[in-house]
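Throughout, a chain's letter reflects where its sequence line sits, starting with A, and its residues are numbered from 1.
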Amino acid sequence: MFDWFAKIGRSSIDFFARFGREMILFIQTVIGFASLIPRPGLIIAQMYSVGVRSMLIILVSGFFVGMVLGLQGYNTLVDFGAEESLGVVVALSLVRELGPVVTALLYAGRAGSALMAEIGLMKATEQLSGLEMMAVNPVNRILAPRLLAGIISMPLLVAMFSAVGVFGGYLVGVDMLGVDSGAYWSQMQAKVDYNDDIVNGVIKSFAFGIVTTWIAVYEGYSCIPTSEGVSRATTRTVVYSALTVLGLDFLLTALMLD
Amino acid sequence: MSTTRAIEISVGIFVAAGIAALLILAVNVSNVSTFHSGSQYTVKANFDNISGLKERSAVTIAGVTVGRVKLIEVDPVTFEAVVHMNIEGKYNEIPVDSSAGIYTAGLLGEKYVGIEPGGAPDFLKENSEIRLTQSSIVLEKLISQFLFNQSNSDDKKEK
Amino acid sequence: MPDNEDNLVKIRGLHFARGSSKIFTGVDIDIPGGKITAIMGPSGTGKTTLLKLIGGQIKPQQGTIHFHGENIPSMRTRKLYEVRKKMGMLFQSGALLTDMSVYDNIAFPLREHTQLPEVMIRDLVIMKLQAVGLRGARHLMPSELSGGMARRAALARAIALDPEMILYDEPFTGQDPISMGVLVQLIRSMNKALGLTSVIVSHDIEETMAIADKVYIISQGKVVGHGSPDEIDKSDSPWINQFVHGEADGPVPFHYQAVPYKEDLLAQ
């Protein structure tokens, strides 16, 4: 009976201890941003690996998602004779939800897992230890530039995804299905609000940039430095990122619609 | 060194493309352009019923959007709806005796405020009030009226 | 133990446990400046852990580790990073940064900690590479190096900032006889030429005893013997004898703890 309570107690203490350590590391990493000010080169190098290298998959996916929205939206709207509103449907779906969420999920798979594996292998091959012994703080040198690069890159990737998606929807809706080009844009501009939709989308993408990059960086930094540990942590990175993004999306949407 | 340069250039392109995409979203996709057309002034109008009108709904004259609904509240004394509207500064010659009505764009479309210009020599200014208003047509009321009339006429026929 | 002023590192009453397994239970070690000190013991006695404790990467539960008279475990992070600039560590794997060339790896600590212009860094890096005989391999990536070369490159990196002390973690493990000879030669010449204090953690008796000035043997969380290589070799402790001469059975039994053999066979 008491064993049972002890078990609950122990696992909750473990949970909070882990959470606390993670938060302390997060704060240390954010403080480490200051050490990057004189060395923008470190951030640029990381933006290349998380941002530039994710660009192609984001652009292609955004284009296809936009085209699918064009097709599906048209088929639904045409029944109500409201196909003029296609632009609104495509733009709002992309800017509010699909842009930030799909980009974050693709980013977690493309950049997050790579980040995690890189840091995990650096740990497994004693490179992190080596940095410490060279009096180089791995939190400042390894974690901080990666996290910052992810936070900067994500909103840019999301914007590209949404923008390309709007053109994908245009291509299908206007060029293939014959929606009026003027209506597509003017309805969109009338209904998409800068503050409520665009800015909120950007806020979401910042939040997703923080959580997905942080999960990858943390899982790498704290993984068990064996090949099995690294492979498990890679899986965890993608699964946790996806769940966190979807959960956080619901929370943020609920807050923003309020 | 050349690889560093290539990385710098590609990151530069990446950032530029991202910012360009943000600008496209802001200018081409959203209504941000209507915010930057300079000054605007606020007028208000009371309606018995605004059903379905929302903040940011369009305010039009002859079908042209001249402003947006800023705020909707209930007058605590008369229990009428008070609609505050932002009108773009360049439309500063709307006569004070203009009337405002709430209409629907298409059968299922959005509600909007339509202003019918009057003929007075004075113009609406900041905080002016449009006195002549026509409330939104509530579909349920129309239908119930129609049914009521119908049954009345049926009754008459039977007599 | 006599308190000697020449000792660069003084460890007193060191206790360290990882979870429930006790790794050190009261270890005292003196590391004299400018000499080569070897710390030996069977695998799993926490030799690498000892180096990490000296480097301040982990903290002991009890005891002090004085470096230049200052206690490492009680240092603040900033101070610790200052002190680490005076230490170099050669990891078993080399721990070279895999995303940069040999040249950039050795330039790395210089670029991180000094404001030297690139031309001077180049000269320094080439000098260090010359010392370990890898001047021609400077453009290779770490993945293109053999194990022995990687360790030499790592050694060049460890001495890049001209530290006072180098910690060698199992420098000879898994090396062929030639690169083993090269490493022995290098460690000795580094020690002589640069006046470096060296700490070697190893279980390669022959090579280590050949270059060490002082030897510590640890087992089961305690120092079981120390002295010059000659003294260790002639020690009458059966345990040290077994370890140094590599006998299969002795105080450290060949068999892992088990029920008696006969009983086990007759069970069923």
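- Across every non-hydrogen atom of A:L156 and B:V15, the tightest pair is CD1-CA, 4.0 Å.
- Contact annotation for A:S85: neither backbone nor side-chain heavy atoms come within less than 4.5 Å of a heavy atom of chain B.
- With a 4.5 angstrom heavy-atom cutoff, A:V52 touches chain B via backbone and side-chain atoms both.
- For B:L22, the parts lying under 4.5 angstrom from a heavy atom of chain A are both the backbone and the side chain.
- At a 4.5 Å heavy-atom cutoff, the contact between A:F167 and chain B is made by side-chain atoms alone.
- Atom CZ of B:F123 has more than 12 neighbouring heavy atoms from other residues, nucleotides or ligands inside a 6.0 Å radius.
- Closest non-hydrogen pair, B:G18 versus A:A159, comes out as O-CB, 3.8 Å.
- Heavy atoms of B:L23 lying under 4.5 Å from chain A are absent altogether.
- Between the side chain of A:Q189 and the backbone N or O of B:N28 there is at least one donor-acceptor pair closer than 3.5 Å.
- Shortest non-hydrogen contact noted between B:V11 and A:I44 is CG2-O, 3.4 Å.
- The local environment of CD in B:E80 is crowded, with over 12 non-hydrogen atoms from other residues, nucleotides or ligands closer than 6.0 Å.
- When heavy atoms are compared at a cutoff of 4.5 Å, A:M47 approaches chain B by way of both its backbone and its side chain.
- Rounding to the nearest 0.5 angstrom, the gap separating the CE atom in A:M160 from the CG atom in B:L25 is 11.0 Å.
- Rounding to the nearest 0.5 Å places CZ of B:F14 at 9.5 Å from CD1 of A:I152.
- The local environment of CZ in B:R131 is sparse, with at most 12 non-hydrogen atoms from other residues, nucleotides or ligands closer than 6.0 Å.
- Residue contact with chain B, scored on non-hydrogen atoms closer than 4.5 Å, is absent for A:V199.
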